[in-house]
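Report on one structure; see the data block that follows.
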Amino acid sequence: MVLVKNGSVAQDNWVSVTDDEMLPPGKPAIISKARWLRERCSLRRRSEALGLHLTSDDTLDDLVNALDGIALIVLEFPAFTDGRSYSTARLLRERYHFSGELRAVGQILRDQAHFMLRCGFDAFELVPNADIASWVEGLFEIAVHYQPAADARSPASDLRHR
Amino acid sequence: MYRYDAYDTQLVGERVTQFRDQVRRRLDGSLSEDEFRPLRLLNGLYLQLHAYMLRVAIPYGTLSSEQMRMLAHIARRYDKGYGHFTTRQNIQFNWTRLEDAPDILADLAKVEMHAIQTSGNTIRNTTADPFAGVAAEEIEDPRIYCEIIRQWSTLHPEFSFLPRKFKIAVTGAREDRAAVRVHDIGLAIRRDNSGEVGFEVMVGGGQGRTPMIAKTIREFLPKDQLLSYLEAILRVYNLAGRRDNKYKARIKILVHELGAETFHEQVEAEWAQLRDAGPNLQAVEIARIAAFFDPPRYEEVDSASYQAKLFQDRTFADWVRTNVAPHKQDGYAIVSISLKPEGEAPGDATAAQMEAVADFAERYSLQEIRVTHEQNLVLPHVRQPDLYALWQGLRDQELATANIGLISDIIACPGLDYCGLATTRSIPVAQRISRLFANLDRQHDIGELRLKISGCINACGHHHVGHIGILGVDRKGEEYYQITLGGRADENAAIGKIIGPAFSSANIVDAVETLVTVYLERRRDHERFVDTYERVGQTPFKEALYGSR
C-alpha cells in the first residue's frame, strides 16, 4: 500500500495490530476501538503513539472524551458506495476536535478524494500501483464550495459578502 | 430567475472539465465500466437499454427561454431531435453518445445548467410547485429555498454517497402541487402565530416498492435554520440508514423502523449540536438569492378582448377551462402546455416544439417557463388578452391539447421501451388510454382524473398516487397490469389500494373504461372520480371489474 499524506507520498511507520496480538515494542500501533476502550488505562502508559481503526459500523458515541492520547484514526470504506465514514470524519474533526491524522482506507476512488479532504481526511491509503500524480490532482479539481465542512475553506455564500 | 455569479460559473465549469477527463479515461481504457459507473452517475449519465441517457437538471422546474433553446439544440445535435421531460421536472435525452457527453455538459454550462446529481445516491434536484411565485394563495416563493438547497447540496462532501437517492420538494402554497408528502423530505412554507415564516418539515415519504406518506417531524422550523436542520436529518440518515438492502435503504424505511418520534428525537439531538456551527446562511445571502425571485413588473391589463373570445370560440374556452389557472396578478394567467397529445409518449417534446415554447415565453411570458412533475410545461406570466394568440400558436405546434388534469394527462415512466429496470411497457398503455378517451367533450365531462402508469415496481410513473394507478408486472414473460385506486399526491396525499387481480395488456384499457363508467353512474353533483371513490369505496368498482362473487 502507498500512503499519500498532505498531497504527497509519505512513509508509513504504523503497524496494525489485531485484538489478540501483542503491541510491537518501539513502534506506533493501530488497534480496534473495542481494544482501546477495554485496555485504555494500561495502553495510556505506552510511550509510542497509538492509533484507532474504526470500521464503518463503529459509532463514536462511546468515544466522547476518550480520544486523549490517540494520534491517528483510520476510517474504513468497505465499498466506495458506503458513505458513513464521511460523516464520522466530520464529527471527529468538528465535534470531537480531533487534530491527529485521519486516514481513509479501503475502496477509495480518485474521484472521491476531494470529498474526503473536505470532510477532514488528510491521509489516504492507496493500492500500490495507484497513479499518485493523478490522484493528487483529483484533490483540487473543484475549487468552489457551496457548504462549510471540516476543512477551513470558505463556502461561496461567505466569499460573496466579503 | 436565479442567475449564476462568478462562483456558480466556476464550479459548473470545473465540473465539466473534471467530467471530460473522466470520460477520456474511460474511453482510453484506464477506467473500467465498473470504475466509471459511479462517476458518470454523479453526472446524470445512465447506460440504458439502447444508449446512454443523459438527465439534465432543471432546478425546481424553472427555465428561461434561452435555456429551453439550448435544450432544443442538444436534442437536435446530440439526440434524435426530441427530449423527455420527467416527473422530477428534469429533462432526459435518451439517445446520447458517451463521447458527446462532455460537449453537452459544456453547452449546458453556457446557459447556467448542469447534470450534477441527477442520479446516484445523492441529494437530487429539488422540486417545487410549478406555480411558484404566481399562485394566488402563496406565502413565499418556494424557489428561493430550492435554490438555497441546490447550492448547499451540490457536491456536498458528506452526502454524496448516501444509502440511497434523496429527494426534496418544497411548496409555498396551501394547495400542494409539488407532492411534498411523497418525498424523502417535504417542506411546506408556513406562517406561525406571530407571523414569522418557516417550514413544516415532513420526512420519510416516497413511492417505489414500499410507498409511504411522509410524517411531520417539525411543525415549524424558522426559515433561517433550514440548512442546519436539513444537515441534521441527512447526517442521521447517512449514519443510520440501511445499507444492507438496496430496497430498504431509503429514509422512509429508517423513519418507519425507528418510528417517527424516535427519528425526530435523533434529528433534534443532532441539530442541537450543529445548528450554531452549521451551514445556515447569513441574512444577506438569503436576501441576495431571494431578490432573484422578486415578482416581475406587471402591467395594467384590459381583459375585455379575452372575455369576448371566451364567448366566441368554444374550443378556446375549453382549453382555458383546463389549461389556464388564475394568476395572483389581475389580468394575468398561468398557462399549462400539455405534453400529452393523443397517442404520444407523455412528456416528450421535439426540438421544434421546445423552440416554439421558447418563442412563446419571450413573446408572452417574460422569458419564463416551468416544467411540472406531471410532465407538462407552464408559461407563468401570460397577459389575458394574449391568451387567444398564444393558444393559436400552440395549436400550430400540437401543444394545445386541452387535457390538463384530465384522464389523458397521464404520467408514465419510460418503461420497457427505454429503461433497463422496467419489466413491462408503459408508454403504449398510456397511448391506448389516451386514444380511447380522445373525445375531449367526454374527457371534460369525466373531469379531473389523475391516471399514472409505472412499468415496474420502482414506481417512477407515480402509480401509487394516481386516482387510478396502473402498475405493470411481468408474469412469465407476459405483461400484466395491476390497478390501484384512490391514490393522491395533493395536500391530502394517500397511497392507492390494489383493487384486485391484474389485467392482461389486451384487457387493461377496457378495465379503465369500466372504472370510469362506474364513476359516471355513481357520481353526485361535482364530485371528481377520487371523491366518488372515497365516498362509495372499492366494492362497486370491484364488482364491475370482476363480477359480484
Side-chain angles (χ1 to χ4, degrees), chain A residues 56-61 64 77-91 93-97 107-121 129 131 134 137-151 153-162, chain B residues 5-15 17-19 21-22 25 30-31 35-36 38-39 42 120-122 148 150-164 227 231 234-241 243 246 270 273-274 277-286 288-289:
Chain A
S56 51
D57 286 329
D58 282 328
T59 62
L60 295 178
D61 301 341
V64 185
F77 290 85
F80 72 82
T81 50
D82 186 337
R84 285 176 288 181
S85 291
Y86 294 100
S87 287
T88 309
R90 283 195 69 183
L91 287 169
R93 291 293 193 216
E94 295 171 58
R95 190 160 305 159
Y96 290 69
H97 307 292
Q107 196 179 22
I108 53 180
L109 308 181
R110 171 206 187 272
D111 299 271
Q112 295 178 313
H114 64 287
F115 291 136
M116 294 181 185
L117 190 72
R118 296 217 62 215
C119 286
F121 288 98
N129 60 351
D131 180 346
S134 156
E137 200 181 287
L139 289 172
F140 303 102
E141 277 173 343
I142 307 284
V144 176
H145 309 293
Y146 276 138
Q147 57 295 99
D151 55 356
R153 303 193 221 179
S154 296
S157 53
D158 286 351
L159 295 174
R160 282 173 175 139
H161 302 285
R162 288 231 168 122
Chain B
D5 69 358
Y7 295 103
D8 303 306
T9 304
Q10 187 186 341
L11 186 145
V12 171
E14 286 171 344
R15 186 65 166 179
T17 307
Q18 183 187 45
F19 189 60
D21 183 57
Q22 291 165 349
R25 285 185 278 144
S30 46
L31 284 176
E35 291 167 322
F36 181 58
L39 308 180
L42 287 178
N121 293 335
T122 56
I148 287 171
R150 183 190 75 82
Q151 296 192 19
W152 162 78
S153 63
T154 295
L155 305 188
H156 197 296
E158 185 179 349
F159 305 134
S160 290
F161 296 89
L162 295 167
R164 200 75 179 86
L227 292 184
E231 194 139 305
L234 266 296
R235 182 170 288 165
V236 169
Y237 170 56
N238 190 42
L239 285 169
R243 291 173 186 268
K246 180 180 168 186
E270 181 59 36
Q273 300 256 22
L274 66 73
N280 291 329
L281 297 181
Q282 307 167 55
V284 61
E285 175 65 357
I286 297 177
R288 184 190 76 90
I289 291 173

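Hydrogens, waters and symmetry mates are skipped; everything else that's a heavy atom, side chains included, is used. In what follows, chains are A, B, ... by sequence order, proteins preceding strands, each numbered from 1.
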>> For A:Asp111 and B:Arg25: C-alpha separation, side-chain torsions, deciding distance, then whether salt bridge (Lys or Arg N to Asp or Glu O under 4.0 Å) applies.
In response: CA-CA 12 Å; A:Asp111 299 271; B:Arg25 285 185 278 144; 3.0 Å; yes
>> Heavy-atom cut-off 4.5 Å, strictly under: side chain, backbone, both or neither for B:Asp5 against chain A?
In response: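 Side chain of B:Asp5 only, per the 4.5 Å heavy-atom cut-off to chain A.
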> Given that the side chain runs from C-beta out, which part of B:Asn238 has a heavy atom under 4.5 Å from chain A: side chain, backbone, both or neither?
Replying inline: both
Give, as side chain, backbone, both or neither, the part of [X] having an atom under 4.5 angstrom from any heavy atom of chain B.
{"X": "A:Asp131", "result": "neither"}
{"X": "A:Arg90", "result": "side chain"}
{"X": "A:Ile142", "result": "both"}
{"X": "A:Ala79", "result": "neither"}
{"X": "A:Asp151", "result": "neither"}
{"X": "A:Ser87", "result": "both"}
{"X": "A:Leu117", "result": "neither"}

> What is the ring orientation for B:Phe161 with A:Phe80, classed by angle as parallel under 30°, tilted 30 to 60°, or perpendicular over 60°?
Replying inline: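 Taking A:Phe80 first and then B:Phe161, their aromatic rings stand perpendicular (interplane angle over 60°).
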> Given the options A:Asp158, A:Thr88, A:Asp82, which has more heavy-atom pairs under 4.5 Å with chain B than any of the others?
Replying inline: A:Asp82
>> Looking at B:Arg288, is its backbone amide N or carbonyl O close enough to the side chain of A:Arg160 to form a donor-acceptor pair, meaning the two atoms are under 3.5 Å apart?
In response: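 A pair under 3.5 Å: no.
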Hey, are the side chains of [X] and [Y] touching, using non-hydrogen atoms and a 4.5 Å cut-off?
{"X": "A:Leu109", "Y": "B:Pro38", "answer": "yes"}
{"X": "A:Leu91", "Y": "B:Glu270", "answer": "yes"}
{"X": "A:Arg84", "Y": "B:Arg243", "answer": "yes"}

>> Is there a side-chain contact (heavy atoms from CB on, under 4.5 Å) between A:Gln147 and B:Gln151? Walk through the geometry before answering.
In response: CA-CA 8 Å; A:Gln147 57 295 99; B:Gln151 296 192 19; over 6 Å; no
Taking [options] one by one, which has the highest count of heavy-atom pairs under 4.5 Å against chain A?
{"options": "B:Ile289, B:Leu281, B:Leu155", "value": "B:Leu155"}
{"options": "B:Glu35, B:Gln22, B:Arg150", "value": "B:Gln22"}
{"options": "B:His156, B:Glu231, B:Gln10, B:Arg15", "value": "B:His156"}

If you take all heavy atoms of [X] and [Y], which pair is closest and at what distance?
{"X": "B:Leu274", "Y": "A:Arg95", "result": "CB-NH2, 3.8 Å"}
{"X": "A:Glu141", "Y": "B:Asp21", "result": "OE2-OD2, 4.3 Å"}
{"X": "B:Glu14", "Y": "A:Ala143", "result": "OE1-N, 2.7 Å"}
{"X": "B:Pro157", "Y": "A:Tyr86", "result": "O-CD2, 3.4 Å"}

> Between B:Leu11 and A:Tyr146, does a side-chain contact (heavy atoms from CB on, under 4.5 Å) hold up when you go through it step by step?
Replying inline: CA-CA 9 Å; B:Leu11 186 145; A:Tyr146 276 138; 3.8 Å; yes
> Would B:Gln282 and A:His161 count as a side-chain hydrogen bond (donor to acceptor under 3.5 Å, both in side chains) if you check the C-alpha gap in whole Å, the side-chain angles of each, and the deciding distance to 0.1 Å?
Replying inline: CA-CA 9 Å; B:Gln282 307 167 55; A:His161 302 285; 5.9 Å; no
> In Å, rounded to the nearest 0.5 Å, how long is the span from OG of B:Ser160 to NE2 of A:His114?
Replying inline: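 Those atoms lie 7.0 Å apart.
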> When rounded to the nearest 0.5 angstrom, what distance separates CG in B:Leu239 from OG1 in A:Thr59?
Replying inline: 9.0 Å
